[in-house]
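In the text below, chain A, chain B and the rest are named by the order of the sequence lines, each starting its count at 1. Fair warning: this is a prediction, and the values are worked out from it, not measured in the lab.
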Amino acid sequence: KAGVTQTPRYLIKTRGQQVTLSCSPISGHRSVSWYQQTPGQGLQFLFEYFSETQRNKGNFPGRFSGRQFSNSRSEMNVSTLELGDSALYLCASSLAVSGETQYFGPGTRLLVL
Amino acid sequence: DQQVKQNSPSLSVQEGRISILNCDYTNSMFDYFLWYKKYPAEGPTFLISISSIKDKNEDGRFTVFLNKSAKHLSLHIVPSQPGDSAVYFCAASAWQGGKLIFGQGTELSVKP
C-alpha cells in the first residue's frame with residue numbers, strides 16, 4: 001500500500017500571502033489529521049477531518065482552515081501568512097476507529113519570508 | 001498546560017545496551033498511547049502502541065510499558081543500534097482517536 005503523500009514538499013511564501021497544502025491518505029483510511037511542527041512548540045494538532053466533516057480542532061486561529069473531499073483527500077489552507085507560520089506541516093491518516101494508529105506523511109516545509 | 005511530557009530532551013546509549021525513554025501524562029481520559037521515531041524534516045514513523053487495557057506491548061526490539069496509576073509510559077529498545085539514533089516522540093489520544101497530543105521529544109544517540 002502506498003503511504004500518506006503530501007504536496008508540495010517545500011514552499012516559500014511572503015507575509016500576507018495564502019497557501020494551500022494537499023494530503024492524500026493511505027487507501028481505505030477515512031480520517032485525516034493535520035499537525036504543525038515548530039522548534040519552539042513541538043508537534044501541535046491543527047484539525048481532523050472524517051467523512052468530509054471537521055471532527056476535532058486544535059487551538060489555532062481562524063486563518064488555518066481545511067477541508068476533506070469525498071475520496072478522503074484533504075487540503076489545508078493558511079491565509080494572511082505570518083512569519084511565525086514557518087513550520088513543517090504534517091498530515092496523518094487513520095482508519096478513524098478509536099485506538100487506531102495514525103500514519104504520517106513526509107510533511108510540507110513552509111517558509112514565510 | 002502540557003498534557004504529555006518527555007522530561008529528558010536527550011539520551012546517549014552505547015550500542016548493544018538498553019535504551020529507556022520515558023513519558024508522563026496528566027489526562028486520565030487518554031486511552032491509547034503511541035511512540036514515533038522522527039528524523040529532521042521528515043514525518044514521524046510509527047513504532048509501537050499500547051491500549052490502556054494493557055500494561056505491556058512488545059514488537060521485536062521495542063517494548064512499551066504502561067503504568068496507569070502513575071500515568072507513565074516507557075519505551076525500551078533492546079539491543080540499541082546506531083540506526084536507532086533519532087528523536088522519539090510519545091503521543092496520546094482519548095477515545096475519539098483523531099487528535100494526538102505529543103510530548104516534546106527525546107533525542108536518542110546510540111554510539112558504536
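Contacts between Q6(A) and chain B at a heavy-atom distance below 4.5 Å are absent for every atom of the residue. For F89(B), the part sitting under 4.5 Å from any heavy atom of chain A is the side chain, from C-beta outward, and nothing else. Heavy-atom distances place the side chain of L88(A), and not its backbone, under 4.5 Å from chain B.
Note on L11(B) and I20(B): separate hydrophobic clusters, where clusters join Ile, Leu, Val, Met, Phe, Trp and Tyr whose side-chain heavy atoms are under 4.5 Å apart, directly or indirectly. No single ILVMFWY cluster, assembled from side-chain heavy atoms under 4.5 Å apart, contains both F65(B) and Y25(B). In this structure, I101(B) is a member of the same hydrophobic cluster as I48(B), with clusters built from ILVMFWY side-chain heavy atoms closer than 4.5 Å. When the side chains of ILVMFWY residues are joined at heavy-atom separations under 4.5 Å, either directly or via intervening members, V64(B) and F62(B) end up in a single hydrophobic cluster.
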Donor-acceptor contacts under 3.5 Å from residues 60-69 of chain A side chains, at least two apart:
| from | atom 1 | to | atom 2 | distance (Å) |
| --- | --- | --- | --- | --- |
| R63(A) | NH1 | S79(A) | O | 3.1 |
| R63(A) | NH1 | T80(A) | O | 3.2 |
| R63(A) | NH1 | D85(A) | OD2 | 2.8 |
| R63(A) | NH2 | D85(A) | OD1 | 3.0 |
| R63(A) | NH2 | D85(A) | OD2 | 3.3 |
| R67(A) | NE | E75(A) | OE1 | 3.3 |
| R67(A) | NH2 | E75(A) | OE1 | 3.2 |
| Q68(A) | OE1 | F50(A) | N | 3.3 |
| Q68(A) | OE1 | S51(A) | N | 3.2 |
| Q68(A) | OE1 | E52(A) | N | 2.9 |
| Q68(A) | NE2 | R30(A) | O | 3.1 |
| Q68(A) | NE2 | S72(A) | O | 3.2 |

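With Y35(A) contributing its side chain and L100(B) its backbone, the two residues share a donor-acceptor pair below 3.5 Å.
Options R109(A), Q44(A), Q37(A) differ in how many heavy-atom pairs under 4.5 Å they form with chain B, and the most are formed by Q37(A). Contact count against chain A (heavy-atom pairs under 4.5 Å) is highest for P44(B) among G43(B), P44(B), G103(B), S51(B).
Note that OH of Y32(B) and CD of Q102(A) are 10.0 Å apart. Values are rounded to the nearest 0.5 Å.
E107(B) meets the side-chain hydrogen bond (donor to acceptor under 3.5 Å, both in side chains) test with no other residue; sequence neighbours excluded.
In this structure, K38(B) and L90(A) approach most closely via the heavy-atom pair CE-CD1, 4.4 Å.
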